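Notes follow the structure.
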Amino acid sequence: MEQKDIEQTLVLIKPDALKNSLTGYVLSQLSEFHTGLRFAGAKIVHVSTMLASEHYAEHRGKFFFPSLLEYIQGKLHYPNDPWRRRVVAIVYQGPKAISKVREISGPTDPHVARDTRPGCIRSLGTIEQVKDAEGKVLGNRMDNLIHASANPGDAEREIKLWFRPADVPPAMHPYPTATSSEHFYFRDGKLFADYAPGRICVVAPGDLTWKTDLDVLQSILKGEKSALTVEAVVAKYLINEQAEGV
Ligand code: CDP
Ligand code: MG
């Protein structure tokens with residue numbers, strides 16, 4: 001397969017889409033018949049604070065960031081039903097996967113989407129006010145039903161953040177993999193080589209990882225500078241392991 005044919009992108013069907021029963025609609029819009037894209041991976045994810053804040057790391061510090069984390073974690077759409085807080089995470093593969101899915105999703109702002117691209121997925125989204133603890137309006141949050149990777153760099157970071165190699169059929173692996181020969185344990189923001197009560201094993205000998213993940217884990221254990229934070233690597237290994245807020 002040529003490189004251009006195996007381009008992959010991450011899609012998240014966000015909690016507002018699930019709440020409004022738009023999952024089937026979104027999947028139809030993205031179907032192979034419409035887009036020429038194929039599923040490479042799919043999972044239902046209860047989104048942890050760690051995963052949410054790594055996914056939206058570029059927006060840290062912005063006024064809408066705390067609200068965005070609550071939104072993607074389903075806390076706003078399912079305040080009383082924590083067990084319903086999920087997103088559907090999908091990897092799509094095929095020619096121009098990234099730009100095709102962005103195109104069908106439409107502009108970030110649902111009002112702009114309605115005005116300029118009627119019929120796109122995000123034209124069905126809503127704008128909600130973001131308030132501080134005292135009730136003062138800080139600005140707007142955009143509940144826009146779908147996340148789609150914006151460019152090849154984001155797609156790589158995001159696919160590796162949400163999916164392990166074993167979540168994707170081997171012939172569809174988009175990035176190099178490596179098999180670990182060591183144990184890596186995680187607790188309270190720190191990485192360890194040995195087990196102690198309360199430490200969670202994130203990678204064991206024989207586990208298949210993205211090669212870049214293994215490089216980062218090894219660097220962190222050695223106390224060297226690493227390309228990513230420990231959270232950016234371990235968040236995926238903790239997916240659906242802990243139920244936050246249930
Ligand atoms: O999702 P996209 O890449 O189009 O937009 P972004 O600028 O990377 O922002 C990520 C997400 O944050 C958006 O999809 C919105 O849900 C939310 N957002 C917001 O609520 N208010 C903003 N002013 C900007 C983004
Ligand atoms: Mg973005």
Side-chain angles (χ1 to χ4, degrees), residues 7-20 22-23 25-27 29-30 35 37 45-79 85-92 96-133 135-163 174 228-229 231-232 235-236:
E7 184 172 302
Q8 294 189 356
T9 190
L10 179 82
V11 165
L12 302 177
I13 303 182
K14 294 180 174 182
D16 46 340
L18 290 173
K19 176 88 187 261
N20 292 301
L22 289 169
T23 309
Y25 175 75
V26 172
L27 292 174
Q29 294 289 302
L30 298 175
T35 61
L37 304 178
V45 179
H46 179 77
V47 183
S48 66
T49 306
M50 190 193 294
L51 180 61
S53 62
E54 288 302 327
H55 179 73
Y56 283 126
E58 66 171 305
H59 298 300
R60 273 184 198 141
K62 297 183 185 167
F63 78 88
F64 61 84
F65 184 69
S67 180
L68 179 58
L69 296 195
E70 293 198 311
Y71 164 42
I72 199 67
Q73 292 187 270
K75 293 177 180 174
L76 303 175
H77 291 87
Y78 296 107
R85 295 174 188 162
R86 300 140 298 148
V87 304
V88 184
I90 305 168
V91 179
Y92 281 99
K96 296 202 167 79
I98 297 168
S99 58
K100 267 189 196 159
V101 178
R102 285 293 285 195
E103 177 74 16
I104 290 166
S105 301
T108 306
D109 183 326
H111 290 179
V112 174
R114 245 167 266 169
D115 289 345
T116 62
R117 295 277 322 289
C120 71
I121 293 170
R122 285 173 156 181
S123 69
L124 301 178
T126 52
I127 303 261
E128 307 293 340
Q129 283 186 337
V130 178
K131 295 179 182 165
D132 67 12
K136 186 171 155 253
V137 176
L138 301 175
N140 290 328
R141 191 189 66 248
M142 300 161 190
D143 292 0
N144 52 14
L145 308 167
I146 185 171
H147 169 82
S149 305
N151 55 58
D154 280 2
E156 177 168 355
R157 188 184 72 79
E158 293 170 1
I159 290 168
K160 287 178 174 176
L161 181 65
W162 289 78
F163 284 81
L228 297 173
T229 63
E231 285 83 2
K236 140 181 90 265

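If you're wondering where the values come from, they're calculated on a predicted model, not measured in any experiment. Note that ligands are numbered from 1 as they come in the structure, with each ligand's atoms numbered from 1 the same way.
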Does Asn140 come within less than 4.0 Å of ligand 1, judged by its heavy atoms?
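Yes.
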
Against ligand 1, does Arg102 come closer than 4.0 Å with any heavy atom?
yes

Looking only at distances, please establish whether an N/O atom of ligand 1 is found under 3.5 Å from an N/O atom of [X].
X: Asp143; value: no
X: Ala150; value: no
X: Tyr71; value: no

Identify which of Phe65, Phe63, Phe64 has a heavy atom lying nearest to atom 22 (C) of ligand 1.
Phe64

What part of Lys62 sits under 4.0 Å from ligand 1 if we count only heavy atoms: the side chain, the backbone, both or neither?
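It is neither part, as no heavy atom is under 4.0 Å.
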
Specify side chain, backbone, both or neither for Arg122, according to which of its non-hydrogen atoms lie closer than 4.0 Å to ligand 1.
side chain

Near Lys14 (heavy-atom distance under 4.0 Å), the atoms of ligand 1 are 14 (O), 16 (O)

Can you spot which of Arg60, Lys160, Arg157 makes a salt bridge (charged side-chain N to carboxylate O under 4.0 Å, His left out) with Glu54?
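In the set Arg60, Lys160, Arg157, the residue that makes a salt bridge (charged side-chain N to carboxylate O under 4.0 Å, His left out) with Glu54 is Arg60.
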
Quick check: does any side chain N or O of Arg122 sit under 3.5 Å from a backbone N or O of Leu145, one acting as donor and the other as acceptor?
no

Strictly distance-based, threshold 3.5 Å: is any side-chain N or O of Arg141 a donor or acceptor partner for the main-chain N or O of Glu128?
no

Checking ring-ring contact (aromatic ring centres under 6.0 Å, His included) between His59 and each of Phe65, Phe64, Tyr71, which is the one that passes?
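Answer after filtering Phe65, Phe64, Tyr71: Phe64.
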
A side-chain contact here means heavy atoms from C-beta on lying under 4.5 Å apart; do [X] and [Y] qualify?
X: Thr116; Y: Pro107; result: yes
X: Leu30; Y: Val101; result: yes
X: Thr108; Y: Asn144; result: yes

Among all protein heavy atoms, pick the one closest to [atom] and tell me residue, atom and distance.
atom: atom 14 (O) of ligand 1; answer: Asn144 ND2, 2.8 Å
atom: atom 17 (C) of ligand 1; answer: Leu68 CD1, 3.7 Å
atom: atom 16 (O) of ligand 1; answer: Met142 O, 2.7 Å
atom: atom 9 (O) of ligand 1; answer: His59 NE2, 3.2 Å
atom: atom 4 (O) of ligand 1; answer: Thr108 OG1, 2.5 Å

So, Glu70 and Arg85, do they make that salt bridge, N to O below 4.0 Å?
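No salt bridge links Glu70 with Arg85.
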
Over all heavy atoms of both residues, which pair between Cys120 and Ala113 is shortest? Give the atoms and the distance, please.
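Cys120 and Ala113 have their closest heavy atoms at SG-CB, 3.7 Å.
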
